[in-house]
Amino acid sequence: MRYHSTRSQIHQADSAQAVLSGLAPDGGLFVPAQLPTMDVDACLKENTMDMAARIIGAMLPDIPNMPMLVKQAYTGKFATEELTPTVQAGPFRVLELFHGPTSAFKDVALCMLPQLLTAARKEKGMVDPILILTATSGDTGKAALAGFQDVEGVNICVFYPHGGVSRVQRAQMVTQEGNNVAVCAVEGNFDDAQTGVKNLFAQAVGGTLPGSNKQLSTANSINIGRLAPQITYYFKAYKDLLDAGTITMGDKVNFCVPTGNFGDILAGYIAKKLGLPVGMLICASNANNVLTDFIRTGTYDRQRPLHKTISPSMDILVSSNLERLLYFMSQDTDLVAGLMNSLNTSGSYTVPEDMKSAINAEFWGGYCDDAGARKAIAKVWEQYGYLCDTHTATAWAVAEDYVAQTGDNAPMVVLSTASPYKFPAAVLSSLEDLTTDDEFAMMDRLLEKTGVAIPKNLCGLQEKKELHTDVIPKDQMLSYVTKI
Ligand SMILES: *Cc1c(COP(=O)(O)O)cnc(C)c1O
């Protein structure tokens, strides 16, 4: 299947090459020239794994043996064979995406990506090893490490800001086992780490660093190999509502998605384009409400301070995957290239009026600050007995706003992107006054208070051996990587 850059038709690739490259050579993102056709009814009759094989296989047809790859990716890694169960909580259906090996929704894609990368590598007859470089503000790093652990032909190196991730998140990363993994703290903030990684890519010639034979790649959500696996759980949630008798086939269902880089919600949009009866896609942001403003005004303006919030995975000013939506909405690579150029040079862009209307027909944007998220955590627990994390709570609050403001009473699925135990301080302090600053003690207290089980991978984390304790200045990332 033919993919091309969002910024020009010249840069083309088949789906296997698109997964290997990650980013198009002109800095654009790979998009399919034409979306595949799906037999939605047949898809909705299948179990989650077969559904995933069908959907990912349709999106990435140049990667063979998809059913086998899906089995290898997910078997034994998730707490349930359903992978992503749904739970009714009061008025909304919660789609739980956090039952994977690191308790974050990114596991759904990052368990699959290594399978896709190694199969694509084989398909293309690549002999050189791949080196995955990733900067993380917390969640992506651990999910990527777990996904790539001991995968043949691939090495992975994760950089995180020294002192810039939670204690639980750090413990998850520095205890990572595997003979192909490296984890390193960088003196600086997340932007410094991310800029450092981008610089490494810029220094690469023909995809490899000077003095190295390793082909650089990324586990970031700009890779189409991360996006494709996320489409499945929209179908799965719809199937659950059918099975529960809440809807009949063809009824529209709304989805509210806690959004950062716009990858998760874009997968929902693709599900809709593939024929799933999706109603509105509600884009939920925290105090970093650049997407809310964009959806409401048509102007994307990154020139604003970045707020540190209790939902850190959504603390983001440039949502990379929005570029793909701009392409899908316009089918015009020149227009997208112009908008992205404007974003790079002036920090903002405004889409044409007809594109804004088209976006508003499918997306609704809202945001909720930390106080609102805390209130939602307490309310959902006290009224419905459901414990949500900070990102999920943000989406919950925005979903309520949507219903109140529009009166649209179609069934609502709220996507839950992390276990509450990944953010024990913020969650516990929303329910009661804190008596400790020890995050691990807070996990125990949260268990005692709510009876909601701690995910296995987060149990006993503080007793595990720290294997990766390197801390480097930000200008030494290149020498660190060439040493691996
Ligand atoms: C990454 C992440 C998000 C945001 O997802 P995007 O695909 O970047 O929009 C939301 N919640 C959690 C917990 C995450 O880790």
Side-chain angles (χ1 to χ4, degrees), residues 29 84 94-111 113 134-147 160 165-166 168-169 172-173 190 194 218-231 233-234 255-271 281-292 294-295 309-325 363 365 367-368 373 377 388-398 414-424 426-427 455 458:
L29 278 58
T84 54
V94 181
L95 169 55
E96 296 187 335
L97 303 175
F98 56 80
H99 294 290
T102 79
S103 303
F105 104 94
K106 291 179 174 70
D107 288 328
V108 177
L110 282 166
C111 281
L113 184 64
T134 297
T136 183
S137 57
D139 276 357
T140 305
K142 178 60 187 185
L145 287 163
Y160 70 93
V165 300
S166 80
V168 173
Q169 287 174 321
Q172 279 190 298
M173 288 191 280
F190 169 64
Q194 181 155 56
T218 171
N220 197 273
S221 68
I222 49 177
N223 194 317
I224 191 73
R226 255 191 75 176
L227 207 54
Q230 297 181 8
I231 300 167
Y233 48 71
Y234 287 90
F255 289 86
C256 184
V257 188
T259 297
N261 229 346
F262 211 77
D264 199 357
I265 195 168
L266 187 74
Y269 175 72
I270 295 175
L281 289 158
I282 295 136
C283 175
S285 301
N286 60 25
N288 297 293
N289 57 358
V290 58
L291 284 166
T292 313
F294 170 67
I295 291 168
T309 74
I310 57 170
S311 44
S313 298
M314 294 150 69
D315 291 348
I316 204 162
L317 291 180
V318 178
S319 297
S320 320
N321 268 298
L322 187 62
E323 180 171 348
R324 284 195 169 104
L325 181 69
F363 290 87
Y367 74 99
C368 161
I377 289 172
C388 26
D389 100 293
T390 50
H391 303 76
T392 310
T394 303
W396 185 287
V398 170
V414 172
L415 275 65
S416 177
T417 48
S419 157
Y421 286 100
K422 283 205 85 166
F423 305 95
V427 173
L458 297 175

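As the structure lists them, so they are numbered: ligands from 1, and atoms in each ligand from 1.
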Part of [X] with heavy atoms under 4.0 Å of ligand 1, whether side chain, backbone, both or neither:
X	result
F105	side chain
K422	neither
D139	side chain

Check your understanding: Is T259 in polar range of ligand 1, meaning some N or O pair under 3.5 Å apart?
Key -> no
Check your understanding: Should H391 be counted as touching ligand 1, given the test is an N or O pair under 3.5 Å?
Key -> no
Check your understanding: Does R226 use its side chain to pair, donor to acceptor, with the backbone of L113 at less than 3.5 Å?
Key -> no
Nearest heavy atoms of [X] and [Y], plus distance in Å:
X	Y	value
V257	A395	C-CB, 4.5 Å
N321	I222	ND2-N, 4.3 Å
K422	A104	NZ-CB, 3.9 Å
C283	V398	O-CG1, 4.4 Å

Nearest-contact summary for [atom] - protein heavy atom, Å:
atom	result
atom 7 (O) of ligand 1	D264 N, 2.9 Å
atom 6 (P) of ligand 1	N261 N, 3.5 Å
atom 13 (C) of ligand 1	T417 OG1, 3.4 Å

Those atoms of ligand 1 less than 4.0 Å from some heavy atom in [X]:
X	result
G263	6 (P), 7 (O), 9 (O)
F262	6 (P), 8 (O), 9 (O)
P258	4 (C), 10 (C)
A418	13 (C)
K106	1 (C), 2 (C), 3 (C), 14 (C), 15 (O)

Exercise for review: Answer yes if the side chains of D315 and T309 hold a donor-acceptor pair under 3.5 Å, and no otherwise.
Suggested key: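 Checked: D315/T309 side chains pair up, N/O donor to acceptor below 3.5 Å.
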Check your understanding: Is there a side-chain contact (heavy atoms from CB on, under 4.5 Å) between T259 and M314 once you walk through the steps?
Key -> CA-CA 6 Å; T259 297; M314 294 150 69; 5.7 Å; no
Exercise for review: Please step through side-chain contact (heavy atoms from CB on, under 4.5 Å) for the pair L291 and S319, ending with a clear verdict.
Suggested key: CA-CA 8 Å; L291 284 166; S319 297; 3.5 Å; yes
Review point. Just how far is it from atom CG of L322 to atom CZ of F262, taken to the nearest 0.5 Å?
Key: 5.0 Å
Review point. Counting only heavy atoms not in Y367, do more than 12 fall under 6.0 Å of its OH?
Key: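 Check fails, neighbour count at 12 or below.
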Exercise for review: Pick whichever of A104, G260, S320 has a heavy atom sitting closest to atom 9 (O) of ligand 1.
Suggested key: G260
Point to revise | Sub-4.0 Å heavy-atom approach of S221 to ligand 1 | key: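 The answer is no, since S221 has no heavy atom less than 4.0 Å from ligand 1.
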